[in-house]
Amino acid sequence: MLKSLLNGNFSPPWLLASSITVWFTAFRGLKLLLTTKVTPFYGVHLLCAAAVSYICIWNLYHTPSHGKTYRKLHKVLGQMSIGLCAVSFLTGFITGWYENYHGINGFLIGITAGGLGQLYAISMMWKAAKSGNIEAHKRTAHAVFYQGCFIPALMRLPSVFGYDFPWIWNLLSFPMALLIERWALSYYPNLPQKDTKIA
């Protein structure tokens, strides 16, 4: 059991992006729920965003080709992530543009564009899964994680060193995440174009 659990799609870019995303969601995001009084919408957003991130990390590591149990879990978690992603975006939008609104800025625009991109990517991921197009499913699943989950975490990385989201870092986070996504895809197994058992 332990051997099969550890025998996943490991790669340096997956580890890098997963580590930064877990740091952000657990030690920056979810920590707020325990140490700070947050608004209901913000609290729901933090929980859903963390859940989507962890599902993505797991589902990219263990895919249906790893066995019957992983296939079933991959499918159930993937379906859950669609609803969680929608709720995360809606509550995040309300938080950013209403509850904590302090004027339009690059960070707010960027994070909203990223959320919309994640919604689009996850809808395309589901469409690819239903049609059995495993290559498209693989690529859109990577987009959901690296663009929708990893970019927000990467944008906040300067706070570890005491910086308050410098605009140049926010701007550079997008191409950096895309390059890491391409790097991750290069490690991913070459899978058949069609698999009717994806979803």
Side-chain angles (χ1 to χ4, degrees), residues 13-14 16-57 59-60 78 80-126 139-184:
W14 172 85
L16 173 65
S18 297
S19 299
I20 293 174
T21 303
V22 168
W23 159 78
F24 167 59
T25 54
F27 300 106
R28 299 291 292 183
L30 295 179
K31 185 180 178 182
L32 289 175
L33 294 175
L34 301 175
T35 60
T36 309
K37 185 177 180 180
V38 300
T39 64
F41 284 111
Y42 191 33
V44 172
H45 169 70
L46 291 173
L47 287 171
C48 290
V52 171
S53 297
Y54 302 152
I55 288 173
C56 285
I57 289 169
N59 270 5
L60 288 176
M80 287 174 55
S81 70
I82 297 172
L84 288 167
C85 186
V87 174
S88 175
F89 173 77
L90 180 61
T91 51
F93 185 88
I94 293 171
T95 298
W97 290 92
Y98 177 68
E99 289 182 332
N100 296 331
Y101 181 74
H102 300 295
I104 296 176
N105 55 61
F107 178 79
L108 189 57
I109 293 171
I111 213 74
T112 302
L116 288 169
Q118 186 181 45
L119 284 177
Y120 175 75
I122 206 165
S123 66
M124 293 297 100
M125 181 190 76
W126 178 246
R139 292 185 177 279
T140 50
H142 274 73
V144 171
F145 175 59
Y146 287 92
Q147 298 176 37
C149 303
F150 178 50
I151 286 177
L154 190 60
M155 290 172 74
R156 291 168 173 86
L157 193 59
S159 64
V160 174
F161 308 102
Y163 293 100
D164 188 24
F165 315 143
W167 70 268
I168 189 64
W169 180 263
N170 290 339
L171 189 64
L172 291 174
S173 293
F174 286 83
M176 283 192 295
L178 292 176
L179 286 172
I180 293 171
E181 178 187 348
R182 288 183 62 86
W183 183 25

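This structure is a prediction, so every number in the text was calculated from the model and none was measured. Just so you know, these numbers use all the heavy atoms, side chains as well, and skip hydrogens, waters and symmetry mates.
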Visitor: Taking only residues two or more places apart in sequence or in another chain, which ones pass side chain to side chain donor-acceptor pair (under 3.5 Å) with Thr91?
Guide: none
Visitor: So, taking the atom named CG in Leu108 and the one named CZ in Phe93, what distance separates them when rounded to the nearest 0.5 Å?
Guide: 8.5 Å
Visitor: Tell me, yes or no, whether the heavy-atom count around Phe174 atom CZ, taken from other residues, nucleotides or ligands under 6.0 Å, exceeds 12.
Guide: yes
Visitor: Output the distance between atom CG (Leu119) and atom CZ (Phe89), rounded to the nearest 0.5 Å.
Guide: 5.5 Å
Visitor: Going by heavy atoms in the side chains, are Val44 and Pro40 under 4.5 Å from each other?
Guide: no
Visitor: Please round to the nearest 0.5 Å and tell me the distance separating atom CD1 of Ile180 and atom CG of Leu154.
Guide: 6.0 Å
Visitor: Under the criterion side-chain contact (heavy atoms from CB on, under 4.5 Å), I'd like the reasoning laid out for Asn59 against Phe145: C-alpha separation, chi angles, the key distance, then a yes or no.
Guide: CA-CA 10 Å; Asn59 270 5; Phe145 175 59; over 6 Å; no
Visitor: Over all heavy atoms of both residues, which pair between Ala121 and Thr140 is shortest? Give the atoms and the distance, please.
Guide: O-CB, 3.8 Å
Visitor: Kindly give the heavy-atom pair with the smallest separation between Gly29 and Leu46, and that separation in Å.
Guide: O-CD1, 3.5 Å
Visitor: To the nearest 0.5 Å, how far apart are OG1 in Thr95 and NE2 in His45?
Guide: 6.5 Å
Visitor: Examine distances only and state if a side-chain atom of Trp169 and a backbone atom of Arg156 form a donor-acceptor pair shorter than 3.5 Å.
Guide: no
Visitor: So, the side chain of Trp183 versus the backbone of Trp14: is there a donor-acceptor pair under 3.5 Å, distance only?
Guide: no
Visitor: Which heavy-atom pair separates Val87 from Cys48 by the least distance, and what is that distance?
Guide: CG1-SG, 3.7 Å
Visitor: Identify the heavy atoms of Val52 and Gln118 that sit nearest to each other, and give their distance.
Guide: CG1-NE2, 3.9 Å
Visitor: Determine whether a donor-acceptor pair (N or O, by modelled atom type, separation under 3.5 Å) exists between the side chain of Ser88 and the backbone of Cys85.
Guide: no
Visitor: Could you pull out the closest heavy-atom pair between Gly78 and Ser81, with the gap in Å?
Guide: O-OG, 2.6 Å
Visitor: Heavy-atom count check: over 12 atoms from other residues, nucleotides or ligands less than 6.0 Å from Tyr54 OH?
Guide: yes
Visitor: Working to the nearest 0.5 Å, report the span between CG of Leu178 and CE of Met176.
Guide: 10.5 Å
Visitor: May I have all residue pairs that pass side chain to side chain donor-acceptor pair (under 3.5 Å) and include part of residues 142-153, sequence neighbours excluded?
Guide: Gln147-Glu181
Visitor: Which value, rounded to the nearest 0.5 Å, describes the distance between Tyr42 atom OH and Glu99 atom CD?
Guide: 10.5 Å
Visitor: Side chains of Leu47 and Leu30: closer than 4.5 Å at any heavy-atom pair?
Guide: yes
